[in-house]
Number of protein chains: 2
Amino acid sequence: MAIDTRDRILDVAERMFGERGFPATSLRDITTEAGVNVASVNYHFGSKEALLAEVLERRLKPINERRLELLDAVEARAGDGPPELEAVVRAFLSPPFHSQRVWGEKGPGFLRLVGRIHSETNEEFRATFVKQFDAVFQRFTAALQRALPNLDDADVSWRMLFMVGSMAFTMSWGPTLVSRESGAARDPEDVLESLVLYAAAGMAAPVPAGVPAMAATGR
Amino acid sequence: MAIDTRDRILDVAERMFGERGFPATSLRDITTEAGVNVASVNYHFGSKEALLAEVLERRLKPINERRLELLDAVEARAGDGPPELEAVVRAFLSPPFHSQRVWGEKGPGFLRLVGRIHSETNEEFRATFVKQFDAVFQRFTAALQRALPNLDDADVSWRMLFMVGSMAFTMSWGPTLVSRESGAARDPEDVLESLVLYAAAGMAAPVPAGVPAMAATGR
DNA sequence: GTATGATTGAAACAAGCGTTTGAGCACAGG
DNA sequence: CCTGTGCTCAAACGCTTGTTTCAATCATAC
């Protein structure tokens, strides 16, 4: 009856984990909605947690690949010089926004999920999850350091955290904001654009006066 | 034997909700650690969800009061002119950072919790929670609009969302970042300073080229 | 057609959940 | 002294959880 049980489970799980969170979603919720048997989750994936891992990987892998692709292009264009800051930021931020066509009523489920992985899973799971980002983080950290030579490593790391925070939070709450304040309604594409400009400006902010690493001001 | 059962429950619940999340923390986890009986939660608070509400309110109320206090001072200083952007941003961001003396190994538990409220509770609860922020949001939105007259309302709203995202995410992951990369280690006070500069710069970013300030929203 | 291995189904499993119960304790005011 | 109130306790409530079991069914190769 089912086209493909595995995929149906993945789709429903992605949506429900995104909407309600991982611990708050039961396997019976998922399997009922997907029209499959409870046991099939453990048959196909092994456990609830393994299902979560697959849900995440399915979406995250293409996103991170796309990020690196875009960064490659930006760096190629820059040649030996420093890459353009805004382009680097855009290479990082845009793939998740494009990963789902619709910024639906509930938002891109799996990205809401990503935003709260760290709080809903145990330590080991979290570690293997973060590992998926390691390569991306290293590449972008290096690129940003070249684009912002007056920042020390610590500054770049913290500002990347700020940027990721804006992104994750926007994915989570954005749809709520859109539905609450009609004035704020916007295309996801416009929101992405706003976010890129915001993050690029923040990245280029002057370094704290009191704790200089080497240089004084930003752009 | 217990100094005050109520307070012990609140303290332990705050920490555990922060570390593991609301659904993943059982009342028995809390009461065992606190050295009190399971039934005392329902006796003192009525339900698990009511306990969460009180945990949040206990910390959030003073934080939001302090925010408004600081904003009052900033606006008084500005007189009839526009308030200083960085001061407004600082008034918003600093109280949570000061709400707990120590940026411990696990981070300020209750702020990690705040960051994911929306995903771990039902719709009604979320509504009453967001209400606590309404006054603060309105005041700060107004102040930012005066400090950034070239942005339209939608821009200000989105950029506030970006700012809150940076803050929440930093509270959550900051401690992780500090422990992973020794190079990034910093005082919470320094991190706050970085965040303020980052957010102020982001707020002041140019408006998107394609979307003029006065035009109606979507396309 | 029959055999084989992959998949599904209904049912049960033990464990844990939030909540309720009602007896018991401590200690005030009369 | 007794009574009333506030609180704690062990035990049990009914229910849901993730996981397992094992027979039934399916698709495919011989």
Side-chain angles (χ1 to χ4, degrees), chain A residues 1-56 58 113 116-117 119-126 128-129, chain B residues 1-57 113 116-117 119-126 128-129:
Chain A
M1 186 180 295
I3 318 174
D4 188 359
T5 303
R6 248 187 85 95
D7 287 342
R8 291 166 64 100
I9 294 173
L10 280 172
D11 288 340
V12 176
E14 173 179 311
R15 206 188 68 240
M16 287 200 166
F17 286 161
E19 287 171 11
R20 318 179 187 179
F22 176 68
T25 305
S26 76
L27 291 183
R28 284 172 180 82
D29 290 340
I30 296 171
T31 52
T32 301
E33 179 108 353
V36 303
N37 192 273
V38 217
S40 53
V41 169
N42 284 274
Y43 175 79
H44 284 287
F45 301 96
S47 71
K48 188 190 179 186
E49 203 171 69
L51 168 61
L52 171 62
E54 194 129 342
V55 164
L56 289 171
R58 184 173 66 145
L113 180 53
R116 56 172 176 272
I117 284 302
S119 62
E120 298 191 337
T121 54
N122 59 55
E123 201 75 35
E124 312 98 75
F125 185 92
R126 197 148 60 249
T128 68
F129 168 78
Chain B
M1 189 178 292
I3 317 175
D4 188 358
T5 303
R6 245 187 89 94
D7 287 342
R8 290 167 65 100
I9 294 174
L10 280 172
D11 288 339
V12 176
E14 174 180 309
R15 207 189 65 240
M16 288 200 165
F17 286 161
E19 286 170 11
R20 317 180 188 178
F22 176 69
T25 305
S26 76
L27 291 183
R28 285 172 179 81
D29 290 339
I30 297 171
T31 51
T32 301
E33 178 109 352
V36 303
N37 192 274
V38 219
S40 53
V41 169
N42 284 274
Y43 176 77
H44 284 287
F45 301 96
S47 72
K48 188 190 180 188
E49 203 171 70
L51 168 61
L52 171 63
E54 193 128 343
V55 163
L56 290 171
E57 170 139 356
L113 178 53
R116 57 173 175 273
I117 285 302
S119 62
E120 299 191 337
T121 53
N122 58 54
E123 201 76 36
E124 311 101 74
F125 184 91
R126 196 148 61 251
T128 67
F129 168 79

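Being a predicted model, the structure only gives us computed values, none of them experimental. Order of the sequence lines sets the chain letters (A, B, ...), proteins ahead of strands, with each chain counted from 1.
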Donor-acceptor pairs are to be reported for all side-chain atoms of residues 28-35 of chain B against protein atoms at under 3.5 Å, with residues two or more places apart or in another chain.
from: D29(B); atom 1: OD1; to: S26(B); atom 2: OG; distance (Å): 3.4
from: D29(B); atom 1: OD2; to: R20(B); atom 2: NH1; distance (Å): 3.0
from: D29(B); atom 1: OD2; to: S26(B); atom 2: N; distance (Å): 3.3
from: D29(B); atom 1: OD2; to: S26(B); atom 2: OG; distance (Å): 3.2
from: T31(B); atom 1: OG1; to: L27(B); atom 2: O; distance (Å): 2.9
from: T31(B); atom 1: OG1; to: R28(B); atom 2: O; distance (Å): 3.4
from: T32(B); atom 1: OG1; to: R28(B); atom 2: O; distance (Å): 2.6
from: E33(B); atom 1: OE2; to: R15(B); atom 2: NH2; distance (Å): 2.6

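For H44(B) and dT8(D), the shortest distance from a side-chain N or O to OP1 or OP2 is below 4.0 Å. For the pair S47(B) and dG18(C), the criterion of a side-chain N or O lying under 4.0 Å from OP1 or OP2 is not met. Contact annotation: S40(A) side-chain N/O to dT7(C) OP1/OP2 distance is not under 4.0 Å.
Without hydrogens or angle criteria, K48(A) side chain to V41(A) main chain gives no donor-acceptor distance under 3.5 Å. In this structure, the side chain of S40(A) does not engage the main chain of Y43(A) through any donor-acceptor pair within 3.5 Å.
Looking at L51(A) and F17(A), their side chains come closer than 4.5 Å, going by heavy atoms from C-beta outward. The shortest distance between side-chain heavy atoms of M16(B) and V12(B) falls below 4.5 Å.
A search for side-chain contact (heavy atoms from CB on, under 4.5 Å) contacts involving R58(A) returns L10(A), D11(A), E14(A), not counting sequence neighbours.
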Quick test: give all pairs of protein nitrogen or oxygen and nucleotides 20-25 of chain C nitrogen or oxygen below 3.5 Å, distance rounded to 0.1 Å.
none

Are there any protein N/O atoms within less than 3.5 Å of an N/O atom in nucleotides 14-17 of chain C, and if so, which ones and at what distance?
from: dC17(C); atom 1: OP1; to: S26(B); atom 2: OG; distance (Å): 3.0

Chi angles and distances behind the side chain to side chain contact (heavy atoms under 4.5 Å, CB included) call for L52(B), F45(B):
CA-CA 9 Å; L52(B) 171 63; F45(B) 301 96; over 6 Å; no
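Between A50(A) and S47(A), the shortest heavy-atom contact is N-OG, 3.1 Å.
The separation between E49(A) atom CD and dT17(D) atom C1' is 15 Å, rounded to whole Å. Distance D4(B) CG to dT8(D) P: 8 Å, rounded to the nearest Å. Per the geometry, CE belonging to M16(A) stands 12 Å off P belonging to dT17(D), to the nearest Å. Regarding F45(B), its CZ atom lies at a distance of 15 Å from the C1' atom of dG18(C), rounded to whole Å.
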